[in-house]
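Reading through the structure tokens given below for one structure.
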Amino acid sequence: ACVIALVGLLTGYVRVFPSPRASNSSDPHKLPTQNEFNYQKLSAEKKWTEEVAPPHLSEQQSSPHLPKAPVSLHKFNGAGGNLDSEKLWKLPEARDFVPCIQPSSNYTTPDKTRGYLLVRTNGDLNQMRTGICDMVAVARIINATLVVPELDKRTFWRDTSNFSDVFDEDHFINALANDVKVVKKLPKELSSATKIVKHFKSMSSFKYYRDVIGSLWEEYRVIRAAKFDSRLTNNDLPSDIQKLRCRACYEALRFAPQIEAMGKLLVDRMRSYGHFIALHLRFEKDMLAYSGCTHGLSNAEAKELETIRDETANWKVKEIDATEQRYRGQCPLTPKEVGIFLNALGFPSETPIYIAAGEIYGGVTHMADLRSRYPLLMSKENLASVAELEPFTNHSSQMAALDYIVSVESDVFIPSYSGNMARAVEGHRRFLGHRKTISPDRRGLVHLFGQMEKGLLKEGSKLSNRIIEIHKNLQGSPRRRGGSVPGTKSMESTHSEEAFYTNPLPDCLCQRASQNVNTSIRQSNRKVDRSMQKEQLLLLKVL
């Protein structure tokens with residue numbers, strides 16, 4: 001009896017923990033789900049070293065030093081058999097939407113234009129993206145030839161990239177040929193012509209550009225836009241202009257071939273781990289300095305951020321109450337808080353997570369708690385070799401573009417802060433079919449975290465149920481773009497609107513005729529409206 005029992009025990013042990021010899025079989029190491037081990041053959045999967053390298057890499061460089069799952073872990077496949085895992089990766093309901101961005105029947109191709117529009121971008125990658133797309137629309141409205149925009153080289157990031165380094169310039173010009181005439185440079189004969197530098201009004205209307213800016217052609221042949229971010233209103237524009245904004249953003253403004261290739265490589269490498277989260281962890285030095293958020297930081301770190309804010313001339317707000325800012329929900333979640341949040345939602349510790357971010361402030365120290373909960377934290381820096389990343393390394397906009405690609409293609413996207421990239425990625429994922437995007441209710445979460453710090457609440461089912469309940473309608477389901485907050489007026493009302501590129505519905509997405517879809521949309525709109533209005537009012541107070 002003892003011999004039989006011993007044999008049975010050894011048999012069970014060998015099945016759960018494969019020997020090194022077994023690892024060479026067709027069923028190699030994989031990550032387990034939260035409640036059970038799932039076995040899945042991987043023999044058909046392409047090895048990373050066999051993938052096609054980006055164009056700028058040699059054959060020898062295409063085999064990077066790749067991170068692998070710990071030997072004790074097995075490949076995680078969240079949809080591999082248990083119901084909870086399937087729910088985690090399940091796409092939002094009512095996804096019966098398709099892009100509808102073709103122009104109307106009376107839309108005409110550009111005729112002889114009245115002059116040239118020069119644009120110098122400002123801000124980070126995603127400010128530049130949305131600004132460029134808006135200037136395409138403005139060029140159409142005022143009947144201008146758009147000169148390929150100059151990228152920002154002067155602000156915090158000090159990136160020397162040109163337009164063609166980040167975006168596919170030829171594709172941009174050709175894709176917009178039926179909408180706006182685009183040229184790479186201002187003609188030589190106009191280089192010495194008198195130019196007017198015009199500060200376009202923020203969030204301006206179609207009428208403003210047609211009548212006020214358009215009238216400048218009577219005296220000038222070249223108009224330079226002094227600033228160009230958030231220069232066009234979100235709503236109340238002709239349908240063809242709104243659709244043009246989407247064509248510019250989601251079709252014409254494609255990343256440069258070498259960035260697209262590297263981004264695809266990163267996505268494929270993350271896919272080899274199974275379903276994965278892209279976490280936009282906005283815990284970088286510039287973000288913390290700008291927002292004045294210091295929770296979880298040392299006094300020395302808080303002082304360093306204050307100095308950066310004081311010395312950055314174009315950041316207008318210098319004195320910030322960090323505690324008040326945090327309880328308004330205006331601070332990014334800390335890495336530790338993100339770990340608590342993901343665990344409460346039900347994501348097991350084996351979940352692969354791509355960190356879409358620059359250098360995390362405080363590095364290993366501030367990442368320790370998140371990494372202890374989720375050891376499979378990946379980034380472009382450890383998914384690719386130094387040689388592969390070398391062409392992009394010293395260019396913040398190009399590195400951000402790689403993160404953007406992986407974030408758009410991830411199974412679940414979660415931003416720790418609703419900044420420019422978070423909004424841009426959310427809108428792109430909505431356009432591509434309402435891919436799952438979980439938007440943390442930071443104000444609600446900070447309240448719960450505060451209770452935990454006081455010992456009034458602990459991690460467990462109670463916390464998990466409350467967090468799941470708060471976020472059940474914040475997962476990227478289709479809904480109409482939010483309008484202005486009731487009771488606000490004039491520019492305050494305009495600034496309280498949800499950004500066009502955060503949610504291109506209804507302008508650029510059409511739903512197939514279905515009663516169920518219509519009902520679902522109405523219910524989703526009603527549920528989200530209240531929480532959106534509260535967040536918008538808080539933002540207005542800050543502004």
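All values below come from the heavy atoms of this structure, side chains included, with hydrogens, waters and symmetry mates left out. On a predicted model such as this, the values are computed, not experimentally measured, just so you know.
Classification of the His428-Phe431 ring pair by plane angle, with boundaries at 30° and 60°, yields perpendicular. A parallel orientation is assigned to the rings of Phe255 and Phe167, their planes being inclined by less than 30° (bins at 30° and 60°).
The backbone N or O of Arg479 lies less than 3.5 Å from a partner atom in the side chain of Asn503, making a donor-acceptor pair. Proximity of a side-chain donor or acceptor of Arg269 to a complementary backbone N or O of Leu383 within less than 3.5 Å is detected. Not one N or O on the side chain of Tyr273 forms a donor-acceptor pair closer than 3.5 Å with the backbone of Ile353. Although no hydrogens or angles enter the test, the distance criterion places no donor-acceptor pair under 3.5 Å between the side chain of Ser349 and the main chain of Tyr374. No donor-acceptor pair closer than 3.5 Å links the side chain of Asn234 to the backbone N or O of Ala499. No donor-acceptor pair closer than 3.5 Å links the side chain of Glu169 to the backbone N or O of Ser164.
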* Using the side chain to side chain contact (heavy atoms under 4.5 Å, CB included) rule, take Glu426 and Ser418 through it: C-alpha gap first, then chi angles, then the decisive distance, then the call. => CA-CA 10 Å; Glu426 178 183 352; Ser418 56; over 6 Å; no
* Verdict with reasoning, Trp89 to Phe276, per ring-ring contact (aromatic ring centres under 6.0 Å, His included) -> CA-CA 9 Å; Trp89 306 107; Phe276 73 93; 8.3 Å; no
* Checking side chain to side chain contact (heavy atoms under 4.5 Å, CB included) for the pair Ile132/Phe172: CA distance, chi angles, key distance, verdict? -> CA-CA 11 Å; Ile132 289 168; Phe172 179 72; 3.9 Å; yes
* Determine, stepwise, if the pair Met135 / Val138 fulfils side chain to side chain contact (heavy atoms under 4.5 Å, CB included). => CA-CA 5 Å; Met135 288 302 106; Val138 168; 3.8 Å; yes
* Ser161 and Asp159: CA distance, side-chain angles, deciding distance, side-chain hydrogen bond (donor to acceptor under 3.5 Å, both in side chains) verdict -> CA-CA 6 Å; Ser161 299; Asp159 190 341; 2.8 Å; yes
* To do: With side chain to side chain contact (heavy atoms under 4.5 Å, CB included) as the test, would you mind laying out the steps for Tyr354 and Ser410 before giving the verdict?
  => CA-CA 9 Å; Tyr354 178 87; Ser410 63; over 6 Å; no
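The shortest side-chain heavy-atom distance between Gln398 and Met262 does not fall under the 4.5 Å cut-off. The closest side-chain heavy-atom distance from Asp152 to Gln127 is not below 4.5 Å. Side-chain contact between Glu301 and Thr294: absent, with no pair of heavy atoms (C-beta onward) separated by less than 4.5 Å. Using a 4.5 Å cut-off on side-chain heavy atoms (C-beta onward), Ser416 and Phe283 make no contact. Between Met452 and Ile340 there is a side-chain heavy-atom pair separated by less than 4.5 Å. Two residues are said to be in side-chain contact when any heavy atoms from C-beta on lie closer than 4.5 Å; Val338 and Leu279 meet this criterion. Gln258 is not listed as a side-chain neighbour of Pro391, based on a closest heavy-atom distance of 4.5 Å or more. Residues Ile259 and Leu402 meet the side-chain proximity criterion, which asks for heavy atoms closer than 4.5 Å.
Between the CD atom in Gln330 and the CD1 atom in Ile320 there is a gap of 10.5 Å [rounded to 0.5 Å]. Atom CZ of Phe341 and atom CZ of Arg442 lie 11.0 Å apart (nearest 0.5 Å). Ser439 OG to Asn473 CG: the interatomic distance, rounded to the nearest 0.5 Å, is 11.5 Å. Expressed to the nearest 0.5 Å, how far CE of Met128 lies from CG of Leu253 amounts to 10.0 Å. With rounding to the nearest 0.5 angstrom, the CD1 atom of Ile470 is 6.0 Å from the CG atom of Asp441. One finds the CD1 atom of Ile405 at 11.0 Å from the CG atom of Leu265 (value rounded to the nearest 0.5 Å).
Of the N and O atoms on the side chains of Glu304 and Tyr361, at least one donor lies less than 3.5 Å from an acceptor on the other residue.
Sulfur-sulfur distance for Cys293 and Cys331: below 2.5 Å, consistent with a disulfide. If you check the gamma sulfurs of Cys246 and Cys508, they are less than 2.5 Å from each other.
The two residues Pro440 and Leu333 come nearest to each other via the heavy atoms CB-CD1, 3.9 Å. Across all their heavy atoms, Ala248 and Cys133 have their closest contact at C-SG, 3.7 Å. Nearest heavy atoms, Pro348 versus Leu88: CD-CD1, 3.9 Å. Residues Pro92 and Gln475 approach most closely at CG-O, 3.3 Å, considering heavy atoms. The minimum heavy-atom distance linking Phe97 with Pro478 is given by the pair CE1-CB, 3.5 Å. Taking all atoms of both residues into account, the shortest heavy-atom contact from Ala256 to Asp165 is CB-O, 3.7 Å.
Other residues, nucleotides and ligands contribute at most 12 non-hydrogen atoms within 6.0 Å of the CD atom of Glu359. Counting non-hydrogen atoms of other residues, nucleotides and ligands closer than 6.0 Å to NZ of Lys181 gives a total of 12 or fewer. Within a 6.0 Å radius of OH in Tyr290, other residues, nucleotides and ligands contribute 12 heavy atoms or fewer.
Of the residues listed (Lys243, Arg481, Arg430), the one engaging Asp507 in a salt bridge (charged side-chain N to carboxylate O under 4.0 Å, His left out) is Arg481, and it is the only one.
Checked for salt-bridge contact, Glu409 and Lys264 miss the test: no charged N lies under 4.0 Å from a carboxylate O. By the 4.0 Å N-to-carboxylate-O rule, Asp168 lies close enough to Arg254 to be salt-bridged with it. Between Arg245 and Asp179 no salt bridge is recorded (no basic side-chain N to carboxylate O distance below 4.0 Å). A salt bridge links Asp403 with Lys380: at least one charged nitrogen is closer than 4.0 Å to a carboxylate oxygen. Ion pairing between Glu311 and Arg309 fails under the 4.0 Å rule for side-chain N and carboxylate O.
For Arg129 and Tyr404, the positive end sits near the middle of the six-membered ring, less than 6.0 Å away and at most 45° from its axis. Note that Arg429 lies outside the cation-pi zone of Phe413, set by a 6.0 Å cut-off to the ring centre and a 45° limit from the axis.
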